Asker: 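The structure that follows is given in the form of C-alpha coordinates.
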Amino acid sequence: MNDPYETSETHLERLLGRALNSFDLPDTVIERLDSALAHASSLRSSHHSAGLHRETYRHTYLLADSTALTLWELVHNTGRDGAEQHELYTDEYEVRLAASRLRRPSPDPLDPQTLDPQTRDPQTSDPQALDPTALADPLFGSRFESGLGVSLDPSFESDLAADLDLLSGLLTAPQTPLPRVYLPDNSADHARRVLRRAENVDRPGEEVAGPLRAAFAHQITQVFGRYGHVEGKDAGFTLYEHAFLLFDGTETSLWEVEHTATPDGRHMCEVYAAQSTAREAMELRARVR
(Lines give C-alpha, C1' and ligand atoms only; values in the text may rest on other atoms or scores of the structure.)
Protein backbone atom coordinates (compact mmCIF):
# COMPACT_ATOMS: atom_id res chain seq x y z
CA MET A 1 0.00 0.00 0.00
CA ASN A 2 2.93 2.39 0.57
CA ASP A 3 4.49 4.05 -2.47
CA PRO A 4 7.80 5.74 -1.48
CA TYR A 5 7.49 8.14 -4.41
CA GLU A 6 3.90 9.23 -3.69
CA THR A 7 3.42 12.42 -1.70
CA SER A 8 0.88 12.58 1.09
CA GLU A 9 -1.14 15.10 -0.91
CA THR A 10 -1.33 12.78 -3.93
CA HIS A 11 -2.11 9.79 -1.73
CA LEU A 12 -4.95 11.66 -0.02
CA GLU A 13 -6.40 12.85 -3.34
CA ARG A 14 -6.40 9.28 -4.62
CA LEU A 15 -8.01 8.03 -1.42
CA LEU A 16 -10.80 10.64 -1.43
CA GLY A 17 -11.35 10.33 -5.17
CA ARG A 18 -12.20 6.64 -5.09
CA ALA A 19 -14.25 6.59 -1.87
CA LEU A 20 -18.03 6.39 -2.33
CA ASN A 21 -18.69 8.29 0.89
CA SER A 22 -15.92 10.91 0.92
CA PHE A 23 -18.63 13.58 1.17
CA ASP A 24 -19.56 12.16 4.55
CA LEU A 25 -16.21 12.95 6.17
CA PRO A 26 -16.30 15.87 8.64
CA ASP A 27 -15.08 19.16 7.19
CA THR A 28 -12.71 19.58 10.13
CA VAL A 29 -10.96 16.33 9.20
CA ILE A 30 -10.48 17.41 5.59
CA GLU A 31 -9.08 20.75 6.73
CA ARG A 32 -6.58 19.09 9.07
CA LEU A 33 -5.46 16.69 6.36
CA ASP A 34 -4.47 19.64 4.17
CA SER A 35 -1.36 19.97 6.37
CA ALA A 36 -0.28 16.30 6.09
CA LEU A 37 3.50 15.93 5.87
CA ALA A 38 3.87 12.16 5.71
CA HIS A 39 1.72 9.06 5.69
CA ALA A 40 1.78 5.31 6.23
CA SER A 41 -0.74 2.65 5.21
CA SER A 42 -1.23 -0.89 6.48
CA LEU A 43 -3.65 -3.78 6.03
CA ARG A 44 -5.63 -4.30 9.25
CA SER A 45 -8.04 -7.10 8.35
CA SER A 46 -8.98 -9.28 5.41
CA HIS A 47 -11.91 -11.59 4.68
CA HIS A 48 -12.26 -13.72 1.56
CA SER A 49 -15.07 -16.21 1.12
CA ALA A 50 -17.20 -17.50 -1.73
CA GLY A 51 -18.35 -14.35 -3.51
CA LEU A 52 -17.45 -11.86 -0.75
CA HIS A 53 -14.07 -10.16 -0.47
CA ARG A 54 -13.40 -7.31 1.92
CA GLU A 55 -10.29 -5.66 3.31
CA THR A 56 -9.72 -2.94 5.88
CA TYR A 57 -6.77 -0.55 5.66
CA ARG A 58 -5.45 2.01 8.12
CA HIS A 59 -4.02 5.23 6.65
CA THR A 60 -2.20 7.39 9.20
CA TYR A 61 -1.06 10.94 8.42
CA LEU A 62 1.52 13.05 10.28
CA LEU A 63 0.26 16.64 10.37
CA ALA A 64 2.16 19.91 10.57
CA ASP A 65 1.15 20.40 14.21
CA SER A 66 2.96 17.12 15.10
CA THR A 67 -0.32 15.23 15.63
CA ALA A 68 -1.46 12.13 13.78
CA LEU A 69 -4.80 11.54 12.06
CA THR A 70 -6.07 8.15 10.89
CA LEU A 71 -8.51 7.24 8.12
CA TRP A 72 -9.97 3.75 7.89
CA GLU A 73 -10.64 2.40 4.39
CA LEU A 74 -13.04 -0.45 3.62
CA VAL A 75 -12.54 -2.18 0.25
CA HIS A 76 -15.14 -4.72 -0.89
CA ASN A 77 -16.64 -6.32 -3.99
CA THR A 78 -20.36 -5.87 -3.30
CA GLY A 79 -20.86 -3.45 -6.18
CA ARG A 80 -22.78 -4.31 -9.31
CA ASP A 81 -21.20 -7.31 -11.08
CA GLY A 82 -18.74 -7.66 -8.19
CA ALA A 83 -17.08 -4.31 -8.88
CA GLU A 84 -14.58 -3.17 -6.23
CA GLN A 85 -15.78 -0.31 -4.03
CA HIS A 86 -14.07 1.87 -1.45
CA GLU A 87 -15.40 3.61 1.67
CA LEU A 88 -13.64 5.89 4.18
CA TYR A 89 -14.27 6.33 7.90
CA THR A 90 -12.62 8.31 10.69
CA ASP A 91 -13.36 5.78 13.42
CA GLU A 92 -12.46 2.10 13.67
CA TYR A 93 -15.87 1.31 15.15
CA GLU A 94 -17.61 2.81 12.12
CA VAL A 95 -15.54 0.82 9.62
CA ARG A 96 -16.22 -2.37 11.57
CA LEU A 97 -19.94 -1.59 11.54
CA ALA A 98 -19.84 -0.92 7.80
CA ALA A 99 -18.00 -4.19 7.19
CA SER A 100 -20.62 -6.12 9.16
CA ARG A 101 -23.35 -4.79 6.85
CA LEU A 102 -21.79 -6.23 3.71
CA ARG A 103 -23.56 -9.07 1.97
CA ARG A 104 -22.29 -11.38 -0.74
CA PRO A 105 -23.32 -10.06 -4.18
CA SER A 106 -26.00 -12.20 -5.80
CA PRO A 107 -25.09 -13.78 -9.15
CA ASP A 108 -26.95 -12.60 -12.24
CA PRO A 109 -29.45 -15.36 -13.12
CA LEU A 110 -29.18 -14.40 -16.80
CA ASP A 111 -25.37 -14.56 -16.83
CA PRO A 112 -24.37 -17.23 -19.42
CA GLN A 113 -21.93 -18.67 -16.87
CA THR A 114 -24.77 -19.35 -14.42
CA LEU A 115 -27.09 -21.03 -16.98
CA ASP A 116 -27.27 -24.76 -17.45
CA PRO A 117 -25.61 -25.50 -20.82
CA GLN A 118 -28.38 -27.93 -21.84
CA THR A 119 -31.59 -26.41 -20.49
CA ARG A 120 -30.42 -22.74 -20.39
CA ASP A 121 -32.04 -22.57 -16.93
CA PRO A 122 -30.23 -21.20 -13.87
CA GLN A 123 -27.87 -23.81 -12.47
CA THR A 124 -28.15 -24.93 -8.89
CA SER A 125 -25.99 -27.13 -6.73
CA ASP A 126 -29.07 -28.25 -4.80
CA PRO A 127 -31.12 -30.83 -6.72
CA GLN A 128 -34.04 -30.28 -4.35
CA ALA A 129 -34.36 -26.70 -5.56
CA LEU A 130 -35.56 -27.95 -8.98
CA ASP A 131 -37.49 -31.00 -7.78
CA PRO A 132 -40.48 -30.10 -5.60
CA THR A 133 -41.12 -33.77 -4.83
CA ALA A 134 -37.68 -33.98 -3.23
CA LEU A 135 -38.91 -31.69 -0.45
CA ALA A 136 -41.32 -34.32 0.85
CA ASP A 137 -40.45 -35.49 4.32
CA PRO A 138 -40.65 -39.30 4.62
CA LEU A 139 -41.73 -38.89 8.23
CA PHE A 140 -44.95 -37.15 7.17
CA GLY A 141 -45.24 -38.69 3.71
CA SER A 142 -48.01 -41.09 4.78
CA ARG A 143 -50.12 -38.17 6.04
CA PHE A 144 -50.48 -36.59 2.59
CA GLU A 145 -52.94 -37.70 -0.05
CA SER A 146 -51.80 -38.42 -3.57
CA GLY A 147 -52.85 -36.27 -6.51
CA LEU A 148 -52.93 -32.53 -7.03
CA GLY A 149 -54.82 -31.76 -3.79
CA VAL A 150 -53.01 -31.94 -0.46
CA SER A 151 -54.67 -32.47 2.89
CA LEU A 152 -53.46 -33.16 6.40
CA ASP A 153 -54.38 -35.90 8.80
CA PRO A 154 -56.92 -34.35 11.28
CA SER A 155 -54.81 -35.21 14.33
CA PHE A 156 -51.69 -33.74 12.72
CA GLU A 157 -53.62 -30.62 11.71
CA SER A 158 -54.81 -30.17 15.30
CA ASP A 159 -51.25 -30.49 16.65
CA LEU A 160 -50.02 -28.01 14.07
CA ALA A 161 -52.69 -25.48 15.05
CA ALA A 162 -51.72 -25.82 18.72
CA ASP A 163 -48.06 -25.25 17.88
CA LEU A 164 -48.93 -22.18 15.82
CA ASP A 165 -50.99 -20.75 18.69
CA LEU A 166 -48.03 -21.24 21.04
CA LEU A 167 -45.63 -19.57 18.62
CA SER A 168 -48.03 -16.66 18.09
CA GLY A 169 -48.19 -16.12 21.84
CA LEU A 170 -44.39 -16.09 22.11
CA LEU A 171 -43.99 -13.67 19.21
CA THR A 172 -46.55 -11.23 20.57
CA ALA A 173 -45.15 -11.25 24.12
CA PRO A 174 -43.73 -7.81 24.95
CA GLN A 175 -39.95 -7.69 25.04
CA THR A 176 -38.06 -5.86 27.75
CA PRO A 177 -36.11 -3.07 26.04
CA LEU A 178 -32.38 -3.07 26.65
CA PRO A 179 -30.91 0.01 28.33
CA ARG A 180 -29.19 2.40 25.97
CA VAL A 181 -25.42 2.71 26.05
CA TYR A 182 -24.54 6.18 24.82
CA LEU A 183 -21.04 7.00 23.59
CA PRO A 184 -19.75 10.60 23.84
CA ASP A 185 -18.04 10.79 20.44
CA ASN A 186 -18.52 14.12 18.65
CA SER A 187 -22.23 13.34 18.54
CA ALA A 188 -23.38 16.74 17.27
CA ASP A 189 -21.18 16.33 14.20
CA HIS A 190 -22.46 12.77 13.74
CA ALA A 191 -26.04 14.07 13.69
CA ARG A 192 -25.06 16.72 11.14
CA ARG A 193 -23.49 14.10 8.87
CA VAL A 194 -26.53 11.81 9.11
CA LEU A 195 -28.83 14.65 8.07
CA ARG A 196 -26.46 15.79 5.33
CA ARG A 197 -26.39 12.43 3.58
CA ALA A 198 -30.19 12.15 3.53
CA GLU A 199 -31.52 12.26 -0.04
CA ASN A 200 -35.26 12.33 0.65
CA VAL A 201 -36.99 15.67 0.11
CA ASP A 202 -39.02 15.26 3.32
CA ARG A 203 -35.96 14.80 5.54
CA PRO A 204 -36.01 16.51 8.96
CA GLY A 205 -35.51 20.26 8.89
CA GLU A 206 -34.12 22.88 11.22
CA GLU A 207 -36.68 22.07 13.93
CA VAL A 208 -34.89 18.71 14.35
CA ALA A 209 -31.35 19.73 13.40
CA GLY A 210 -31.31 22.66 15.86
CA PRO A 211 -31.66 20.68 19.11
CA LEU A 212 -29.24 18.02 17.83
CA ARG A 213 -26.43 20.60 17.90
CA ALA A 214 -26.55 20.09 21.68
CA ALA A 215 -26.01 16.31 21.44
CA PHE A 216 -23.00 15.04 23.36
CA ALA A 217 -23.50 11.26 23.14
CA HIS A 218 -25.20 8.84 20.77
CA GLN A 219 -25.92 5.18 20.04
CA ILE A 220 -26.41 3.47 16.65
CA THR A 221 -28.69 0.42 16.47
CA GLN A 222 -29.72 -1.69 13.48
CA VAL A 223 -33.47 -2.15 13.83
CA PHE A 224 -34.31 -3.95 10.61
CA GLY A 225 -32.53 -5.53 7.67
CA ARG A 226 -33.76 -7.55 4.72
CA TYR A 227 -32.77 -8.42 1.16
CA GLY A 228 -35.37 -9.23 -1.47
CA HIS A 229 -36.58 -8.51 -4.98
CA VAL A 230 -38.27 -5.36 -6.26
CA GLU A 231 -39.59 -5.61 -9.80
CA GLY A 232 -37.35 -8.61 -10.44
CA LYS A 233 -34.16 -6.96 -9.19
CA ASP A 234 -32.20 -7.47 -5.98
CA ALA A 235 -32.78 -4.80 -3.36
CA GLY A 236 -31.65 -4.42 0.24
CA PHE A 237 -33.35 -2.47 3.04
CA THR A 238 -31.77 -1.58 6.39
CA LEU A 239 -33.21 0.63 9.13
CA TYR A 240 -30.95 2.25 11.74
CA GLU A 241 -31.82 4.23 14.81
CA HIS A 242 -29.39 7.01 15.69
CA ALA A 243 -30.30 7.83 19.30
CA PHE A 244 -28.88 11.04 20.81
CA LEU A 245 -28.53 12.25 24.37
CA LEU A 246 -28.67 16.05 24.67
CA PHE A 247 -27.02 18.28 27.26
CA ASP A 248 -30.37 18.94 28.96
CA GLY A 249 -30.86 15.19 29.53
CA THR A 250 -33.48 14.67 26.83
CA GLU A 251 -33.27 11.92 24.24
CA THR A 252 -34.18 12.03 20.56
CA SER A 253 -33.63 9.81 17.54
CA LEU A 254 -33.06 9.96 13.81
CA TRP A 255 -34.24 6.99 11.74
CA GLU A 256 -32.07 6.20 8.73
CA VAL A 257 -33.19 3.98 5.86
CA GLU A 258 -30.46 2.57 3.63
CA HIS A 259 -31.66 0.81 0.49
CA THR A 260 -30.79 -0.07 -3.09
CA ALA A 261 -34.37 0.07 -4.44
CA THR A 262 -33.33 2.64 -7.03
CA PRO A 263 -33.65 2.39 -10.83
CA ASP A 264 -29.91 1.74 -11.24
CA GLY A 265 -29.39 -0.21 -8.01
CA ARG A 266 -27.50 2.71 -6.47
CA HIS A 267 -27.14 2.87 -2.70
CA MET A 268 -29.45 5.55 -1.22
CA CYS A 269 -29.93 6.99 2.29
CA GLU A 270 -33.12 8.52 3.65
CA VAL A 271 -33.57 10.01 7.13
CA TYR A 272 -36.79 10.53 9.10
CA ALA A 273 -37.69 11.89 12.52
CA ALA A 274 -40.09 9.04 13.37
CA GLN A 275 -39.76 5.27 13.07
CA SER A 276 -43.28 4.91 11.68
CA THR A 277 -42.49 7.32 8.85
CA ALA A 278 -39.26 5.48 8.06
CA ARG A 279 -41.05 2.13 7.88
CA GLU A 280 -43.75 3.59 5.64
CA ALA A 281 -41.01 4.85 3.32
CA MET A 282 -39.45 1.38 3.18
CA GLU A 283 -42.80 -0.20 2.35
CA LEU A 284 -43.32 2.34 -0.43
CA ARG A 285 -39.84 1.76 -1.91
CA ALA A 286 -40.47 -1.99 -1.82
CA ARG A 287 -43.54 -1.52 -4.04
CA VAL A 288 -42.46 1.31 -6.32
CA ARG A 289 -39.11 1.56 -8.02
Side-chain angles (χ1 to χ4, degrees), residues 20-21 23-24 51-52 74 76 78-81 83 85 87 94 97-110 122 129 163-178 180 190-212 215 218-244 250-289:
L20 296 174
N21 64 333
F23 66 89
D24 197 32
L52 176 61
L74 177 62
H76 55 87
T78 62
R80 184 174 294 275
D81 299 326
Q85 295 185 329
E87 301 176 25
E94 291 185 346
L97 181 62
S100 68
R101 301 175 186 173
L102 297 178
R103 298 291 186 274
R104 184 175 62 183
S106 301
D108 185 352
L110 299 182
D163 290 341
L164 290 176
D165 289 340
L166 177 60
L167 287 174
S168 299
L170 292 174
L171 292 175
T172 56
Q175 297 182 353
T176 303
L178 296 175
R180 294 193 186 278
H190 175 74
R192 180 186 63 83
R193 287 185 282 122
V194 171
L195 290 171
R196 187 175 67 174
R197 64 175 174 247
E199 300 182 53
N200 51 308
V201 295
D202 55 344
R203 59 184 175 274
E206 181 59 27
E207 71 281 358
V208 173
L212 285 172
H218 67 279
Q219 180 194 51
I220 305 172
T221 306
Q222 180 175 332
V223 180
F224 174 86
R226 183 172 63 190
Y227 281 75
H229 295 276
V230 178
E231 295 185 357
K233 298 181 180 180
D234 291 336
F237 295 88
T238 310
L239 175 62
Y240 297 95
E241 180 189 13
H242 300 261
F244 297 90
T250 59
E251 298 175 283
T252 186
S253 295
L254 292 176
W255 299 87
E256 181 181 21
V257 177
E258 291 186 354
H259 67 85
T260 55
T262 52
D264 57 356
R266 179 181 60 87
H267 180 273
M268 182 176 181
C269 291
E270 303 180 24
V271 178
Y272 299 89
Q275 181 180 11
S276 59
T277 310
R279 289 187 175 274
E280 289 174 1
M282 281 196 299
E283 294 175 1
L284 178 62
R285 301 296 179 271
R287 296 194 302 266
V288 181
R289 190 170 187 174

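Quantities reported herein were computed from a predicted structural model and do not represent experimental measurements.
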Asker: With a 4.5 Å cut-off on side-chain heavy atoms, are T252 and V208 touching?
Answerer: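 A side-chain contact under 4.5 Å is absent here.
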Asker: Decide yes or no for Q85 and T78: does some side-chain heavy atom of the first lie under 4.5 Å from some side-chain heavy atom of the second?
Answerer: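 Yes, close enough: below the 4.5 Å cut-off.
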Asker: Who pairs with D202 by side-chain contact (heavy atoms from CB on, under 4.5 Å), at least two apart in sequence or on another chain?
Answerer: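 In terms of side-chain contact (heavy atoms from CB on, under 4.5 Å), with neighbours along the sequence ignored, D202 is linked to N200, Y272.
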Asker: Sequence neighbours left out, what passes side-chain contact (heavy atoms from CB on, under 4.5 Å) with E207? Give chain and number order.
Answerer: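 E207: no side-chain contact (heavy atoms from CB on, under 4.5 Å) contacts found.
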Asker: What residues, two or more places apart in sequence or in another chain, satisfy side chain to side chain donor-acceptor pair (under 3.5 Å) together with T277?
Answerer: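 By the side chain to side chain donor-acceptor pair (under 3.5 Å) rule, T277 matches no residue at all.
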Asker: Can you sort out the partners of R197 under side chain to side chain donor-acceptor pair (under 3.5 Å), two or more places apart, ordered by chain and number?
Answerer: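 Counting only residues at least two positions away or on another chain, R197 forms a side chain to side chain donor-acceptor pair (under 3.5 Å) with D24, E256.
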Asker: So, using side-chain contact (heavy atoms from CB on, under 4.5 Å) as the criterion, who are the partners of R279 when residues are at least two apart?
Answerer: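 Result, side-chain contact (heavy atoms from CB on, under 4.5 Å) vs R279: V223, F224, L239, Q275, M282.
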Asker: Can you see which heavy atom on P204 is nearest to which on A273, and at what distance?
Answerer: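 Answer, listing the atom of P204 first, then A273: CG-N, 3.8 Å.
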Asker: Between E206 and P211, what is the shortest heavy-atom contact and its length?
Answerer: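 Distance-wise, the nearest heavy atoms are O-CD, 4.1 Å.
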Asker: Once salt bridge (Lys or Arg N to Asp or Glu O under 4.0 Å) is applied, do any residues pair with E87, and if so which ones, sequence neighbours excluded?
Answerer: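 If we apply the salt bridge (Lys or Arg N to Asp or Glu O under 4.0 Å) test to E87, skipping adjacent residues, there are no hits.
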Asker: Which residues pass the side-chain contact (heavy atoms from CB on, under 4.5 Å) test with Q219, sequence neighbours left out?
Answerer: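 Residues passing side-chain contact (heavy atoms from CB on, under 4.5 Å) with Q219: R180, V181, Y182, T221.
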Asker: My understanding is that only residues two or more places apart in sequence, or in another chain, count here; which of them pass side chain to side chain donor-acceptor pair (under 3.5 Å) with N21?
Answerer: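 Counting only residues at least two positions away or on another chain, N21 forms no side chain to side chain donor-acceptor pair (under 3.5 Å).
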Asker: Can you find a pair of side-chain heavy atoms, one from H190 and one from I220, that are under 4.5 Å apart?
Answerer: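 Yes; the side chains approach each other to less than 4.5 Å.
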Asker: Looking at residues at least two apart in the chain, or sitting in another chain, which of them share a side chain to side chain donor-acceptor pair (under 3.5 Å) with E199?
Answerer: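 With sequence neighbours excluded, E199 shows a side chain to side chain donor-acceptor pair (under 3.5 Å) to R266, given in chain and number order.
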Asker: Do the ring planes of H242 and F244 sit parallel (below 30°), tilted (30 to 60°) or perpendicular (above 60°)?
Answerer: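 Parallel.
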Asker: Under 4.5 Å between any side-chain heavy atoms of L212 and L254, yes or no?
Answerer: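 Yes - at least one pair of side-chain heavy atoms lies under 4.5 Å apart.
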